[in-house]
Amino acid sequence: QVQLVESGGGLVQPGGSLRLSCAGSGSIFTTFTMGWYRQAPGKQRELVASITRGGSTNYADSVKGRFTISKDNAKSTMYLQMNILKPEDTAVYYCWRWPDLWGQGTQVTVSS
């Protein structure tokens, strides 16, 4: 059974950086669109960034210029590099594979 496992979350000060990783299995990274969602307390889950099997990327307006999504097909791993973090980026971040495969989530907290 295909699984997605996130890592890299934690506590960081405003203006800091974190890199999230999503490890998967098999050929999902070359076959499906994948991405990162996040859900803050009391809010709906929202798409942060996505990457197609061909490598085209898309970002939410709120993270453009600060976050970068990438993947390493050989390592079956997807990344989210998050720079210039803001308190409003605090959320649980989920790895996602189209259409409905999810990781367990990793907490990102931006606070001084």
Side-chain angles (χ1 to χ4, degrees):
Q1 185 176 357
V2 177
Q3 289 186 320
L4 300 174
V5 180
E6 301 101 333
S7 61
L11 173 64
V12 64
Q13 292 186 341
S17 298
L18 281 175
R19 188 177 79 159
L20 306 183
S21 299
C22 172
S25 60
S27 62
I28 61 172
F29 288 85
T30 59
T31 305
F32 298 96
T33 291
M34 300 190 66
W36 292 92
Y37 277 74
R38 68 185 181 187
Q39 187 166 20
K43 295 187 176 181
Q44 289 189 330
R45 192 173 295 190
E46 63 173 353
L47 178 64
V48 175
S50 63
I51 185 166
T52 67
R53 61 182 183 177
S56 297
T57 59
N58 185 56
Y59 297 92
D61 287 343
S62 59
V63 306
K64 282 181 181 176
R66 300 188 298 121
F67 290 11
T68 302
I69 189 171
S70 62
K71 59 177 179 169
D72 185 332
N73 293 334
K75 295 182 178 180
S76 297
T77 303
M78 179 176 65
Y79 305 98
L80 185 68
Q81 178 66 45
M82 305 185 294
N83 297 328
I84 318 175
L85 283 160
K86 303 176 181 181
E88 51 263 43
D89 295 317
T90 295
V92 178
Y93 284 70
Y94 297 90
C95 177
W96 164 78
R97 186 215 74 183
W98 184 90
D100 59 2
L101 181 65
W102 298 91
Q104 83 284 358
T106 185
Q107 176 71 45
V108 171
T109 302
V110 184
S111 175
S112 54

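Residue numbers count from 1 along this sequence. Keep in mind that what you see is a predicted model, and the values were worked out from it rather than measured.
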Open item on the list: If hydrophobic clusters are built by linking Ile, Leu, Val, Met, Phe, Trp and Tyr wherever their side-chain heavy atoms come under 4.5 Å apart, do Leu47 and Leu20 end up in the same one?
Closed with: yes
Open item on the list: Restricting to non-hydrogen atoms, name the atom on Val110 and the atom on Thr90 that form the minimum distance, rounded to 0.1 Å.
Closed with: N-OG1, 2.9 Å
Task: Smallest separation among heavy atoms of Leu80 and Ala49, with atom names - done: CD1-CB, 4.3 Å
- [ ] Using a cut-off of 6.0 Å, state whether more than 12 heavy atoms not belonging to Gln44 lie near its atom CD.
- [x] no
Open item on the list: According to disulfide (SG to SG under 2.5 Å), does anything in residues 47-84 pair up with another residue at least two apart or in another chain? List the pairs.
Closed with: none
Task: Value rounded to 0.5 Å, distance of CE in Met78 from CZ in Arg97 - done: 11.5 Å
Task: Cluster link Ile84 to Val63, ILVMFWY, side chain under 4.5 Å - done: no
- [ ] Please collect all ring pair (Phe, Tyr, Trp, His ring centres under 6.0 Å) contacts where either partner lies in residues 33-58, sequence neighbours excluded, each pair once.
- [x] Tyr37-Trp96, Tyr37-Trp102
Open item on the list: Please list all pairs meeting disulfide (SG to SG under 2.5 Å) that have one or both residues in residues 33-64, counting only residues at least two apart or in different chains.
Closed with: none
Task: Sequence neighbours excluded - salt bridge (Lys or Arg N to Asp or Glu O under 4.0 Å) pairs with any residue from residues 63-84 - done: Asp61-Lys64, Arg66-Asp89
Open item on the list: Please give me the minimum heavy-atom distance between Ala40 and Ala91, naming the atom from each residue.
Closed with: N-CB, 3.8 Å
Task: Side chains of Val48 and Met82 in contact at under 4.5 Å (non-hydrogen atoms) - done: no
Task: Minimum heavy-atom distance Tyr94-Gly103, with the two atoms named - done: CD2-O, 3.7 Å
Task: For Pro14 against Ser111, the heavy-atom pair lying closest together - done: CD-C, 3.6 Å
Open item on the list: Restricting to non-hydrogen atoms, name the atom on Leu4 and the atom on Leu101 that form the minimum distance, rounded to 0.1 Å.
Closed with: CD1-O, 3.7 Å
Open item on the list: Membership question, hydrophobic clusters at under 4.5 Å side-chain separation (ILVMFWY): are Leu11 and Val108 in the same one?
Closed with: no
Open item on the list: Please list all pairs meeting disulfide (SG to SG under 2.5 Å) that have one or both residues in residues 36-94, counting only residues at least two apart or in different chains.
Closed with: none
Task: side-chain hydrogen bond (donor to acceptor under 3.5 Å, both in side chains) against Thr109, all qualifying residues, sequence neighbours excluded - done: Gln107
Task: Residue pairs involving residues 66-93 (criterion ring pair (Phe, Tyr, Trp, His ring centres under 6.0 Å); sequence neighbours excluded) - done: none
Task: disulfide (SG to SG under 2.5 Å) partners of residues 68-112, not counting sequence neighbours, each pair once - done: Cys22-Cys95
Open item on the list: Measuring from atom CG of Leu18 to atom CD of Gln81, what distance do you get when rounded to the nearest 0.5 angstrom?
Closed with: 8.5 Å
Task: Sequence neighbours excluded, every pair satisfying salt bridge (Lys or Arg N to Asp or Glu O under 4.0 Å) that has a member inside residues 44-54 - done: Arg38-Glu46
Open item on the list: Enumerate the side-chain hydrogen bond (donor to acceptor under 3.5 Å, both in side chains) contacts for residues 6-17, please, sequence neighbours excluded, ordered by first and then second residue.
Closed with: Glu6-Gln104, Ser17-Asn83
